[in-house]
Amino acid sequence: MHWMRRFLLFHHGRHPRGLAEGDVNRFLTHLAMQQNVAASTQNQALAAVLFLYKYVLEQPLNRIEGVVRARKPKRLPVVLTREEVEMVLARLEGVPRLVGTVLYASGLRLLEALGLRVKDLDFGRGEITVRDGKGRKDRLTMLAVALCEPLRDHLRQVREHDADLRRGLGRAPLPDALTRKYPNADRGWSWQWVFPASSHYLNRTTGLPHRHHLHETVIQRAVHEAVRRAGLSKPAASHTFRHSFATHLLEDGCDIRTVQELLGHKDVKTTMVYTHVLNRGGLGVHSPPGPAAEAAVGGERGS
C-alpha cells in the first residue's frame, strides 16, 4: 500500500486507470535520480505498482522500457581473521557452536549446513555432499578431520530419533516426490537431519508428524550474540564464516579454481572478490619495498 500511495501522490492524485507505462517509468526514474533509493527499493516499488495494475485494477501493463535503474553498490564481504573466528566460536555453545564450526571449516551457507542429512557426511573420505545448493546444484566440499569426532558425538545424540519412531514420530520430510517413490524412507536413519529441530509439526500433505531441521534464526541470533560478546567492531554474521573460509584458503595459497568449486560459485569472477579482500589482486602481487619507497617514507617522516 505504501508504494501504491507514493505512486498516486507523485502523479498528483490522478486515478491509476488514466496512467500508463510512461507514467510508471517517470515514477521509477524519479526514485532513482531524485530520491536516490537503493536498487532493491526501486524493485519493490515496481512490484507494488505492477501488482496494483494486474490484480487490483485488472489492467496489466505492457513492458516498461527505458527506466533509469538505481545502482546496486558493490560491497566487499566482511571477513574475520583466524583469531577473530576463534573468539566468536569460543563464545558459542552446543549445537550453534558445532554449526558455526561447520560453516567455517567447510565454507557452507547457513541453510546448506542446516539442510544436511546423515547420508551427506562421508567420514571415510572426509567429504560433505551439499544437495540442491544455490542454483539447484550438488557439490562436494571438505569435512575437516577436527570436525569428525564432534559430529559423530552429535549424531549419537541425534540417534535418539529411534525412540521417536517407537512413538510414531521421527519422520523427516523428503525432497520432491521421493515420498511417493519411497514411502518409508523418511523414517530411515540416513535421511534424518544432522541438525534437527527440537519440535515436530504436522505435514499437511501426508497428515503425519514430521521433524524439520533447526531454524536458521537460532544460529543467526547465537552468532550475533557471540560477536557482541567477543567485542568485535565488524558487522559479522553467520555468513561471515563462509567468507572467512574462502579468504583463509587463498591466504594459504590454495588455487582459486579449487576455492570456486568448494564454494559452489558458477563463475570464478564471484570468487575473485576474495582476492580484493586480501588486497593482493588476482595473481597475489605484492608491492616491492625497494629503496625508493623506503626513501620516500623516510622523507615523509622527516618533513
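What you are looking at is a predicted structure, and each value in this text was computed from that prediction instead of being measured.
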Please tabulate, for side-chain N and O atoms in residues 231-240, each donor-acceptor pair with protein atoms closer than 3.5 Å (sequence neighbours left out).
residue	atom	partner	partner atom	Å
K234	NZ	V79	O	2.9
K234	NZ	E84	OE1	2.8
T240	OG1	A237	N	2.8
T240	OG1	A237	O	3.1

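- E225 pairs by the salt bridge (Lys or Arg N to Asp or Glu O under 4.0 Å) definition with R228, not counting sequence neighbours.
- Pairs passing the ring pair (Phe, Tyr, Trp, His ring centres under 6.0 Å) check and including a residue from residues 27-46, sequence neighbours excluded, read F7-F27, F10-F27, F10-H30.
- For E127, the side chain to side chain donor-acceptor pair (under 3.5 Å) test picks out R125, with sequence neighbours left out.
- In this structure, the side chains of H2 and Q44 stay at 4.5 Å or more apart for every pair of heavy atoms.
- The side chain to side chain donor-acceptor pair (under 3.5 Å) check on T217 picks up H215, with sequence neighbours excluded.
- Between H213 and W193, the ring planes lie perpendicular to each other; the angle is over 60°, past the 30° to 60° tilted range.
- Applying the salt bridge (Lys or Arg N to Asp or Glu O under 4.0 Å) criterion to R117, with sequence neighbours excluded, gives no partner residue.
- Judged as a side chain to side chain donor-acceptor pair (under 3.5 Å), and not counting sequence neighbours, the contacts of N25 are T29.
- Annotation: side chain of L151 is in contact with side chain of F123 (closest heavy-atom distance under 4.5 Å).
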Hey, can you pull the donor-acceptor pairs under 3.5 Å for the side chains in residues 92-102, sequence neighbours left out?
residue	atom	partner	partner atom	Å
R97	NE	L89	O	3.3
T101	OG1	R97	O	2.8

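- Here the shortest heavy-atom pairing between M87 and A230 reads CE-O, 3.3 Å.
- Not counting sequence neighbours, R229 has no partner by the salt bridge (Lys or Arg N to Asp or Glu O under 4.0 Å) test.
- With sequence neighbours left out, the salt bridge (Lys or Arg N to Asp or Glu O under 4.0 Å) criterion links R17 to no other residue.
- Sorted by first and then second residue, the pairs that involve residues 245-267 and meet ring pair (Phe, Tyr, Trp, His ring centres under 6.0 Å), not counting sequence neighbours, are Y104-H248.
- Remark: R69 engages N43 in a side chain to side chain donor-acceptor pair (under 3.5 Å) (not counting sequence neighbours).
- Counting heavy atoms of neighbouring residues, nucleotides and ligands inside a 6.0 Å radius, atom CD of Q34 exceeds 12 of them.
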